[in-house]
*Asks:* 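Below: one structure in structure tokens.
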Amino acid sequence: MTENIEKFFCNSCKNETRHFVHREFRKTEDYCDAPVWMSFRVLIVECCGCENLAFVKMEHFSEDHDQDWDQTIFPPVAYRPLPDWFEDLPDETIKLIFEEIYKSLQTESYYLATFGSRTLIDRLIVLTVGDVGNFGKGFKALQDRQMLSQHERDILQPVVDAGHAAAHRGWAPSKALMSIILDTVEGLVHRLLVLPKLTEELKEAVPGRSGPVKKSLPSKILTIKDKINAAPSDLKAVFEYLEAKLREFGEDVATHPQKHYLAFRRNRNFASVQIYNVKKTLRVYLNLDPETVPCDAKGMRDVRKIGHYGTGNLEVEIRSKQDVDRFLNLMKQSYQAS
């Protein structure tokens, strides 16, 4: 038996594609006192290309002679895809805000998306210059640090004003204006938060001017696994010593390699490890409140307001096995809290 094929929008392919119709339910409701009716079709469909599954509800009123069937697709049609650099965002809160904005757009909740865009800018200011009070002071702090030009500030101000209007005056932009807001915010986040972190990856891949080029160092280091494999022998020994010590905490310790870091988990991440081969340094982010530990100690840093890969509010820097032993008690506290 040949399956029926129809065209629907595919959220995975991001355009209208041919779909197999695997199941279909039809129903027609008549109106008692009038010769009119409403027809319904409910379908389970699969994209012929990417095999993405969707649920489609279709409605048609008999008097709408010039109109096609109204379609509702579940999951809802994506307004626009997340930026291709989304996974490179070095802050989990920024990621969550981005995801909530894009989910709200799928249901055309432009009030929430506009207010969320203002929240993104607020979070970005905190991560780059700290909590300085309001948007005006935040923009000035960015300008004082030469991270924002007057031209860019003039472009950003309408986005902030749109967020104020959505939050306090019940205003929502059109779909076209929403695209302008997102283009502006995404551009700022990418320049201030993503590119600086990715240039650290670039530094790891580019050989220095002096000395021979290390053949063991690949031209592109994109993942934590690549970095570990390419690490100098002394740094790799420190990493292996750290890994062994973390696994000694319990049989429930598991590792989850991410793009830019290696996560050690119990019920949740308790240590997110980054490796910097050129600097010969490991950075470990722990699930601890910096206010409960002496962050003024050498090699420790409060990163609650600093963008970084991995999860955890306390950063410890490790260059030797002695550093591992020095911070081991803190790592165990993070394990126990996770």
Side-chain angles (χ1 to χ4, degrees), residues 87-88 90 194-266 269-288 290 293-303 306-336 338:
E87 290 302 326
D88 293 316
V194 177
L195 283 180
K197 290 298 178 183
L198 292 182
T199 54
E200 292 183 359
E201 307 296 316
L202 181 62
K203 289 178 183 177
E204 290 290 308
V206 177
R209 294 180 62 182
S210 60
V213 177
K214 296 180 180 179
K215 293 183 179 179
S216 62
L217 187 67
S219 59
K220 292 182 180 180
I221 300 181
L222 299 177
T223 68
I224 186 65
K225 287 185 177 180
D226 294 329
K227 289 184 176 183
I228 294 171
N229 292 334
S233 58
D234 52 349
L235 182 61
K236 195 167 186 177
V238 175
F239 171 79
E240 291 173 348
Y241 182 74
L242 169 66
E243 182 179 25
K245 288 296 183 180
L246 293 178
R247 290 189 180 279
E248 286 178 2
F249 290 159
E251 295 181 355
D252 53 355
V253 174
T255 56
H256 293 265
Q258 304 298 314
K259 183 177 180 180
H260 296 291
Y261 64 94
L262 179 64
F264 288 82
R265 294 180 60 90
R266 192 185 184 192
N269 293 1
F270 68 88
S272 299
V273 181
Q274 285 184 267
I275 185 168
Y276 294 88
N277 292 333
V278 174
K279 297 178 181 178
K280 292 189 176 182
T281 300
L282 302 175
R283 289 179 185 168
V284 185
Y285 297 94
L286 304 177
N287 182 33
L288 293 175
V293 295
C295 287
D296 57 342
K298 184 178 179 181
M300 298 172 60
R301 185 167 63 149
D302 180 350
V303 292
I306 298 175
H308 62 87
Y309 293 123
T311 56
N313 292 327
L314 180 66
E315 176 192 276
V316 296
E317 189 170 80
I318 294 174
R319 296 178 179 270
S320 64
K321 293 180 181 179
Q322 289 73 26
D323 287 339
V324 175
D325 294 333
R326 184 159 65 95
F327 295 122
L328 195 60
N329 185 52
L330 289 176
M331 297 178 197
K332 190 162 187 179
Q333 290 180 41
S334 181
Y335 163 79
Q336 292 169 341
S338 300

*Asks:* Give the minimum heavy-atom separation between Glu315 and Arg283, together with the two atoms involved.
*Replies:*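 Minimum heavy-atom separation between Glu315 and Arg283: OE1-CD, 3.8 Å.
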
*Asks:* Closest heavy-atom contact between Phe270 and Ser338?
*Replies:* CB-OG, 3.3 Å

*Asks:* Would Asn287 and Asn269 satisfy side-chain contact (heavy atoms from CB on, under 4.5 Å), going step by step from the backbone distance to the final call?
*Replies:* CA-CA 7 Å; Asn287 182 33; Asn269 293 1; over 6 Å; no

*Asks:* Is there a side-chain contact (heavy atoms from CB on, under 4.5 Å) between Met300 and Leu330 once you walk through the steps?
*Replies:* CA-CA 11 Å; Met300 298 172 60; Leu330 289 176; 3.7 Å; yes

*Asks:* Looking at every heavy atom in both Ile306 and His308, which two are closest together, and how far apart are they?
*Replies:*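 Closest heavy-atom pair between Ile306 and His308: O-CD2, 3.1 Å.
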
*Asks:* Tell me every residue that passes side-chain hydrogen bond (donor to acceptor under 3.5 Å, both in side chains) with Asn329, counting only those two or more places apart in sequence or in another chain.
*Replies:* none

*Asks:* How many angstroms lie between NZ in Lys236 and CD in Glu243, if you round to the nearest 0.5 Å?
*Replies:* 10.5 Å

*Asks:* Checking side-chain contact (heavy atoms from CB on, under 4.5 Å) against Val316, which of Asp323, Val284, Leu288 comes through?
*Replies:* Val284

*Asks:* Lys245: what forms a side chain to side chain contact (heavy atoms under 4.5 Å, CB included) with it, not counting sequence neighbours?
*Replies:*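 Lys245: side chain to side chain contact (heavy atoms under 4.5 Å, CB included) contacts with Tyr241, Glu248, Val324, Asp325, Leu328.
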
*Asks:* Nearest heavy-atom pair of Lys321 and Ala237: which atoms, and what distance?
*Replies:* CE-O, 4.0 Å

*Asks:* Can you label the angle between the Tyr335 ring and the Phe249 ring as parallel, tilted or perpendicular, going by 30° and 60°?
*Replies:* tilted

*Asks:* Please report the closest heavy-atom contact between Ile275 and Ala231, naming both atoms and the distance.
*Replies:* CD1-CB, 3.8 Å

*Asks:* Of all the heavy-atom pairs spanning Lys298 and Phe327, show the shortest one and how long it is.
*Replies:*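 Taking every non-hydrogen atom into account, O-CZ, 3.6 Å.
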
